[in-house]
Structures are given as structure tokens and as C-alpha cells.
Number of protein chains: 2
Amino acid sequence: MTKHRITLKDIAEKLGITVTTVSKALKDYPDISEDTKKKVHALAKKLNYQPDSQAVALRGKGSKTIGLIIPEIVHYFFSSVINGIMNHAESNGYRVLITLSNNRLEMEKKQVNLLFSTKVDGVLVSLTNETKGTKHFDILKEYDIPVVMFDKVDNKFHCNKVTIDDCLGGYNATKHLIDSGCQRIAHIRGPKKPLNSIGRFEGYKKALIEANMVFDPSLVKECTEVVYDEGYQFCKELLKLPKPPDGIFAVTDQVGVGALNALKDAKLNIPEDMKIVGFSDSQIAQVSQPPLTTIHQPGYEIGETAAKLLIEDIELRKKDPNHMFGSKQIVLDTHLIKRGST
Amino acid sequence: MTKHRITLKDIAEKLGITVTTVSKALKDYPDISEDTKKKVHALAKKLNYQPDSQAVALRGKGSKTIGLIIPEIVHYFFSSVINGIMNHAESNGYRVLITLSNNRLEMEKKQVNLLFSTKVDGVLVSLTNETKGTKHFDILKEYDIPVVMFDKVDNKFHCNKVTIDDCLGGYNATKHLIDSGCQRIAHIRGPKKPLNSIGRFEGYKKALIEANMVFDPSLVKECTEVVYDEGYQFCKELLKLPKPPDGIFAVTDQVGVGALNALKDAKLNIPEDMKIVGFSDSQIAQVSQPPLTTIHQPGYEIGETAAKLLIEDIELRKKDPNHMFGSKQIVLDTHLIKRGST
DNA sequence: ATGGATAACGTTAACGTTTTCGTTCACATA
DNA sequence: TATGTGAACGAAAACGTTAACGTTATCCAT
């Protein structure tokens with residue numbers, strides 16, 4: 001019933017030659033006559049021959065597939081990253097096998113093994129918040145499969161990394177508030193686990209100190225889920241302080257818009273009474289009222305760069321078996337996008 | 001340099017038996033002694049043996065991989081769908097190969113061929129807006145690869161489909177405005193190409209007619225890009241009409257929030273002066289001020305259902321070569337989420 | 001003693017492709 | 001005539017796994 005796939009054998013039989021010749025003809029080997037090549041190409045096209053990539057992979061070195069492990073996908077930042085990865089990979093002839101860790105370490109381990117057994121040529125990964133060590137990536141090292149980490153990376157693991165400078169981003173966000181005339185600046189930060197929120201917090205402190213402003217711990221609130229509601233609640237708490245702030249730097253746009261809406265509900269004028277800066281430049285930052293000033297986080301470029309580094313490692317190693325995988329740390333620029341909230 | 005992968009052969013040699021026996025032992029064949037099985041399993045675990053999925057796929061019937069073709073990924077709805085697909089697929093032992101059509105027909109064709117040559121066991125697809133015919137999917141039919149279409153589907157193509165009832169959604173949105181007391185209801189619709197926006201428009205008209213309200217074409221605006229700015233602009237135009245509307249049904253939340261912000265900039269009170277309903281229940285609908293009443297579009301469930309139907313077809317066919325692929329049209333429920341904008 | 005049953009393992013071919021190493025034939029050169 | 005030289009193609013092995021089919025050895029019933 002099921003039609004069988006066209007193979008080299010089919011072409012060979014119809015043309016009265018061997019599979020070898022067909023294979024060579026399709027790959028433009030010099031020891032095949034132009035005449036034969038033309039016939040083979042013509043028939044291959046007519047029959048819509050598609051090479052069996054499993055067979056190719058089994059025979060050859062690479063599978064032309066890279067694996068991706070990502071904490072979640074329903075997220076503006078991550079989907080932008082994936083977009084960057086896929087576009088670069090596909091235009092270089094690589095497929096992308098996406099897997100989810102759902103922010104669970106156990107899942108991350110499983111996915112590493114799965115990708116290994118799928119014989120991917122390389123792995124891109126953004127670690128979960130639970131991940132401490134990296135032993136579960138050792139199998140990739142052992143078998144010389146290049147890895148590139150992005151966004152959430154491990155400092156000790158030896159591989160190429162692509163991140164942004166969260167500290168600098170936090171610094172610029174805070175600096176912008178200072179330059180806009182704010183005297184008391186609050187920070188609604190993320191949890192202590194992922195390095196990102198730590199970096200942003202550090203940047204906040206650095207900007208304050210540099211401007212000779214006091215760092216007041218009561219002006220720092222710490223999210224656990226990093227969602228809209230937390231931004232809303234913490235902002236209300238900040239307003240109840242004896243000396244409320246006149247500027248807020250929020251760890252994400254979600255939190256920032258939450259805070260912004262709390263301010264509007266409290267009948268405060270933005271940016272006159274209070275200024276806000278978010279982080280990421282996600283869609284909601286553009287549509288809030290007023291639109292949210294934010295730090296643009298180049299998701300697409302992060303993905304693109306990570307894919308580029310990975311494929312570079314793969315290709316270089318193919319040419320030179322002694323090529324050592326890179327261990328650069330690429331830090332992409334963020335920049336402030338000034339909007340109505342400041 | 002590069003360590004070689006552990007194969008059945010390695011295990012066999014160390015144990016002084018043949019690959020066949022090892023293979024059978026690992027797969028719990030009855031003609032292998034318990035003793036041997038134990039030894040094989042122990043060594044396999046110790047060496048961290050992982051079967052080569054290319055070889056398995058080459059030999060056997062399936063690759064345990066399903067392909068996905070999606071117009072774009074940076075989109076709340078689509079990433080929700082993907083999430084649903086991946087969770088169902090992975091918990092059933094299937095990998096997901098995601099490809100992008102970027103809403104271009106040419107790309108869609110390429111991806112079909114790519115997935116075919118990758119020998120995926122099945123294909124999930126949401127069509128591009130450019131897609132008219134479906135000849136490029138015939139190759140999958142020809143080779144008995146099941147297809148499930150979701151969201152943007154083709155009526156004539158014979159396969160399982162998962163959609164929502166856009167017409168009913170549009171009807172309910174409009175009905176809600178009518179029930180809330182609106183007398184003149186405008187619609188900011190999407191372009192004429194994808195069926196979705198047609199459906200929503202039909203639902204809008206149906207609700208009007210059913211309520212004995214006149215359908216006034218001047219109250220219908222048509223987006224081309226379906227973005228925030230269009231919602232904003234069209235809303236302003238609607239306000240300039242001699243007899244402006246008192247309710248707006250927007251084809252998406254983006255457009256809806258755009259309209260909402262235009263109203264606020266025009267100092268109108270929402271929902272007193274004007275009510276708005278969006279469509280999709282994306283994140284921005286929750287964080288606008290007031291939050292946007294919208295039609296919840298169950299992205300996750302759509303993905304989950306589509307994956308379920310596809311894997312069902314795959315598995316049934318594996319058991320019974322005469323199994324015919326389904327051609328159900330599953331229409332998932334949408335429901336109205338009432339928020340502050342009405 | 002012969003035949004048959006059973007348990008436990010091995011032989012072999014196959015999946016489709018690639019590549020190394022021949023082979024064949026025609027033709028040119030010494 | 002013998003030798004060399006390309007040009008154009010083919011044979012065979014290999015990648016790792018699986019499953020149909022064979023092969024033993026042992027034991028029991030006739």
C-alpha cells in the first residue's frame with residue numbers, strides 16, 4: 001500500500017547503472033561523465049528523489065542537526081532567541097531539534113541524553129534556575145559534541161557563551177532615572193537564583209553609589225515569580241513607605257507594567273510623579289500607557305550569535321579534527337529605549 | 001581523539017557474545033536467558049549505552065520524530081501551541097522538529113520537503129496566509145505520512161484538523177457588547193486572506209442581524225498587518241465619524257489594546273463611553289488598563305489535541321497497515337473572558 | 001537408539017548512503 | 001608490440017541496529 005521511497009537504487013536501475021555512480025553523479029564527482037550526470041539529475045528531479053538523512057547520518061560524520069534545550073517557550077524573550085537560532089541554522093543547512101526543560105533540572109538531564117542519542121552535531125542551552133553543577137553535560141564533552149550556552153550560563157563550564165551584561169543594563173536603567181532627576185530610586189528585583197537578576201541588582205547599586213546616593217534596602221523588593229501581580233503589589237507597598245521613591249527600576253517589563261498600573265490606580269502621574277524603567281523590551285512595554293522605558297535585550301541576536309558560534313565549532317572540527325572548541329564569552333550590548341514612563 | 005560511541009558491538013565483545021544477543025537482551029526477547037539479560041543490562045548501564053537513533057530509524061519503520069511547520073514563533077498564540085505539542089509529543093516518546101515558514105508559501109514548500117527527507121513520522125502544520133492550494137503536501141499523502149492541520153487549515157485537504165470556531169467567537173464577542181448595552185458596534189477586522197478573520201467578521205455580522213441591528217459597513221475597518229498601531233489609528237478614525245460607535249470588537253488583542261489606548265488618549269472613559277472586546281487572550285490583554293475583555297483561544301489545547309491526533313494516526317498505522325488516517329475536524333471551545341473594558 | 005521438543009544463542013541480510021579501491025576499455029606513446 | 005595514461009564506471013565495505021531464520025545442545029518420550 002504505502003509507496004516506497006525513491007532511493008539511489010531506483011534511479012540506478014532505471015538508468016542501468018549502479019548506485020555508486022548515481023551517488024557520485026549527484027554529488028558532482030569528477031570521475032563521472034557530464035552525460036551521465038545530466039541523466040541522473042534529470043531522473044532524480046523527475047522522481048523527486050530526497051536523500052534519506054538517516055542513512056546519510058549513519059554513514060557520514062554529522063547529522064546536520066543541532067539540539068536546543070530551553071527552559072520555556074511561551075515567553076517573548078525565548079521565542080525571539082529561538083527565532084534567531086532557527087534562521088541562522090536553517091540558512092546554514094542545519095535542522096534544529098528543540099527540547100524543553102520546563103525549568104526543571106531533571107528534565108534538563110533527560111534532554112541532554114536524548115539529544116546525545118539523537119546524535120546532534122551540537123547543543124545550545126539556556127540553563128534552568130535549578131541547575132547548579134554541569135556534570136550532566138560531561139557526556140557531550142566526552143564525545144566531543146560542542147556546546148554553546150546562552151542567557152543562563154554556567155561560569156565554570158568550558159564552552160562558548162553568549163549573554164548580555166545584566167549589570168550594565170541595570171546600571172544604565174538606574175543611571176537614566178538619576179539623570180532624569182530621580183532622588184530616591186526603588187528596585188523591584190528578581191529572585192537570588194538566576195544570575196541575571198543578581199546582575200541587574202548589582203548595576204542598580206553601582207549607579208546609586210557612583211551618583212553618591214544612599215543605597216536604602218527598604219527600597220528593594222524581591223519577586224519570587226517575577227510576574228505582573230508582584231510588580232503591582234510591591235509598587236503599592238513602596239507607595240506606603242514614609243518616604244516613597246520617585247523612581248522605580250523593575251527587573252522585567254511584566255513587573256514594570258504591574259508597577260505602572262499600580263501607580264495609575266493610585267492616581268499618580270507618570271512620569272511626573274514617578275518614573276519607571278523595565279527590562280527586556282517585550283511587547284507589553286510598547287503598549288502600556290504610557291509606554292514603558294526599558295532596556296532592550298537583543299533576543300534575536302543572542303540566538304543568532306549562539307547558533308553561529310556553535311556551527312562554527314562544528315564546521316571547524318569537521319575540517320580539522322584537532323580544532324579546539326571555543327570558550328569565548330560574548331556579551332551583547334543592551335541599550336535603553338526611552339519611552340513615556342520616564 | 002574523539003571517543004567513539006558505545007555500540008552493541010562493544011557490549012557484545014566485552015561479554016563474549018554477539019550483537020544480536022545483546023540487542024535481544026536489551027529488548028527483553030524471550031529467547032534470552034535471564035542471566036545474560038542481567039549481564040547485558042548491567043554493562044549497558046555502566047557504559048551508558050545509548051542506542052543510535054539513526055540506525056534504529058534506518059532499520060525500522062519510524063523515526064519517532066514529528067515535524068512541525070509554523071508561520072512564526074514570536075507570538076503568544078503560536079508559542080502556546082508549540083508548548084502543547086511538545087509536551088504531548090515528548091511524553092509519548094516523540095521528538096519534535098520545528099520549522100518556520102515565516103508566512104511564506106515558498107518556505108512552506110521547502111519545509112515540507114525537508115521534513116519528508118528527514119523521514120518524520122508525521123507532520124503538524126499551520127498554513128501561511130499565502131497558501132492557497134495544497135499540492136505541496138501531496139508528497140506526504142503519497143508516502144502515507146499523516147498530517148494534522150491546526151489553526152490555519154485547508155478545507156479541501158483530507159486530514160485531521162484542529163481549529164476554533166472563529167465565527168462563534170466573533171459572535172460571542174459581539175453578543176457580549178450587545179448584551180452590555182451597545183447600540184452601534186464597530187469591528188476592526190483582519191485582512192481577507194486567512195480564514196480566521198473572515199470567520200470572526202461573519203460572527204460579528206451574525207450577532208448584529210440576530211439582534212435586529214443594522215450592519216453599517218462604515219463601522220468596519222480592515223487591518224493589513226494586524227498590529228497595535230492599526231488598532232490605534234482605526235479607532236481614531238471611528239471616533240471622527242458623524243455617529244461614532246459605542247462598542248468595538250477587535251480581531252486581536254493587539255489591535256484591541258491599540259484601540260483602547262486611542263480611546264484613553266481621546267479622554268474617553270472605558271467602559272462607560274465605549275466598550276471593547278479583543279480576541280486571543282494574550283498577555284497584553286491582562287495588563288492593559290482597563291484589562292481587555294477578550295475571547296480566550298486555547299493555544300495549548302490546540303497544540304495538545306493536534307499532537308494527540310497525529311500520534312494516534314501514527315501508532316494505529318503501525319499496528320494495522322490498513323488503518324486509514326482520520327479526517328475529523330475538531331473545533332475547540334473558545335470562551336469570553338470578561339474584564340474591565342466592557 | 002531414534003525422533004522431537006525446547007532453550008539459548010548465532011548467522012545473515014537488510015535499511016540507504018558514501019567512499020576507497022579496483023576494473024575495464026580506449027587511446028597514445030616508446 | 002609492449003607500456004603507460006586517463007576517463008568512466010563498478011564492487012565492496014562500512015555505519016549500527018534488527019528480525020527472520022539457523023544452529024546447536026540437552027533432555028525426554030517412544
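So you know, we letter chains A, B, ... as the sequences are listed, proteins then strands, and number each from 1. Just so it is clear, the structure is predicted and the values come from calculations on it, not from any experiment.
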Would you kindly give the [atom1]-to-[atom2] distance between [X] and [N], to the nearest whole Å?
X	N	atom1	atom2	answer
A:Asp52	D:dT17	CG	P	17 Å
B:His4	D:dG16	NE2	P	7 Å
B:Leu15	C:dG10	CG	P	10 Å
B:Lys9	D:dA14	NZ	P	8 Å
B:Gln50	D:dG16	CD	C1'	14 Å
A:Lys119	C:dT17	NZ	C1'	13 Å

Item to complete: Could you tell me which residues satisfy side chain to side chain contact (heavy atoms under 4.5 Å, CB included) with A:Ser23, sequence neighbours excluded, listed by chain and number?
Response: A:Leu8
Fill in: Partners meeting salt bridge (charged side-chain N to carboxylate O under 4.0 Å, His left out) with A:Lys119 (sequence neighbours left out)
B:Asp52
Practice prompt. Identify, with sequence neighbours excluded, every residue that meets salt bridge (charged side-chain N to carboxylate O under 4.0 Å, His left out) alongside B:Lys109.
Written response: B:Glu106
Sequence neighbours left out, cut at 3.5 Å: what donor-acceptor pairs do the side chains of residues 132-140 of chain A make with other protein atoms?
{"unit_1": "A:His136", "atom_1": "NE2", "unit_2": "A:Glu108", "atom_2": "OE2", "d": "2.8"}

Fill in: Of B:Ile17 and A:Leu58, the one whose closest DNA chain C nucleotide lies more 5'
B:Ile17
Worksheet item: 5'-most contact on DNA chain C: B:Thr21 or B:Ala55, nearest heavy atom basis?
Response: B:Thr21
Protein-nucleotides 6-8 of chain C N/O pairs under 3.5 Å:
none

Discussion item. If the condition is side chain to side chain donor-acceptor pair (under 3.5 Å), which residues does B:Thr65 pass it with, not counting sequence neighbours?
Written reply: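 Testing B:Thr65 for side chain to side chain donor-acceptor pair (under 3.5 Å), a comparison that skips the adjacent residues, returns none.
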Practice prompt. For A:Ser117, enumerate each residue passing the side chain to side chain donor-acceptor pair (under 3.5 Å) test, keeping only those at least two apart in sequence or located in another chain.
Written response: none
Discussion item. Please identify which of these residues, A:Thr131, A:Asn129, A:Asn103, A:Thr128, meets the side chain to side chain contact (heavy atoms under 4.5 Å, CB included) condition with A:Pro194.
Written reply: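 Of the listed options, the one satisfying the test is A:Asn129.
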Fill in: Summary of ring pair (Phe, Tyr, Trp, His ring centres under 6.0 Å) pairs that have at least one residue in residues 7-63 of chain B, sequence neighbours excluded
none
Worksheet item: Pairs in or reaching into residues 112-132 of chain A: which pass ring pair (Phe, Tyr, Trp, His ring centres under 6.0 Å), with residues at least two apart or in two chains?
Response: A:Phe116-A:Tyr143
Item to complete: For the helix from C:dA1-D:dT30 to C:dA30-D:dT1, figure out the bend between the end axes, five pairs an end, and round to 10 degrees.
Response: 80°
Worksheet item: Rounded to the nearest 0.5 Å, what separation is found between the NZ atom of A:Lys24 and the OG1 atom of A:Thr18?
Response: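 Separation between the atoms: 8.0 Å.
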Can you name the atoms? Protein N/O to nucleotides 18-20 of chain D N/O, anything below 3.5 Å, with the distance.
{"unit_1": "D:dT18", "atom_1": "OP2", "unit_2": "B:Ser23", "atom_2": "OG", "d": "3.1"}
{"unit_1": "D:dT18", "atom_1": "O4'", "unit_2": "B:Arg59", "atom_2": "NH1", "d": "3.3"}
{"unit_1": "D:dT18", "atom_1": "N1", "unit_2": "B:Arg59", "atom_2": "NH1", "d": "3.3"}
{"unit_1": "D:dT18", "atom_1": "O2", "unit_2": "B:Arg59", "atom_2": "NH1", "d": "2.1"}
{"unit_1": "D:dA19", "atom_1": "OP2", "unit_2": "B:Tyr29", "atom_2": "OH", "d": "2.5"}
{"unit_1": "D:dA19", "atom_1": "N6", "unit_2": "B:Thr20", "atom_2": "OG1", "d": "3.2"}

If you look only at distance, which donor and acceptor atoms sit under 3.5 Å apart when one is on a side chain in residues 83-98 of chain B and the other is two or more places apart or in another chain?
{"unit_1": "B:Asn87", "atom_1": "ND2", "unit_2": "B:Tyr300", "atom_2": "OH", "d": "3.2"}
{"unit_1": "B:Glu90", "atom_1": "OE1", "unit_2": "A:Gln111", "atom_2": "NE2", "d": "3.0"}
{"unit_1": "B:Ser91", "atom_1": "OG", "unit_2": "B:Asn87", "atom_2": "O", "d": "3.0"}
{"unit_1": "B:Ser91", "atom_1": "OG", "unit_2": "B:His88", "atom_2": "O", "d": "3.1"}
{"unit_1": "B:Tyr94", "atom_1": "OH", "unit_2": "B:Glu315", "atom_2": "OE2", "d": "2.7"}

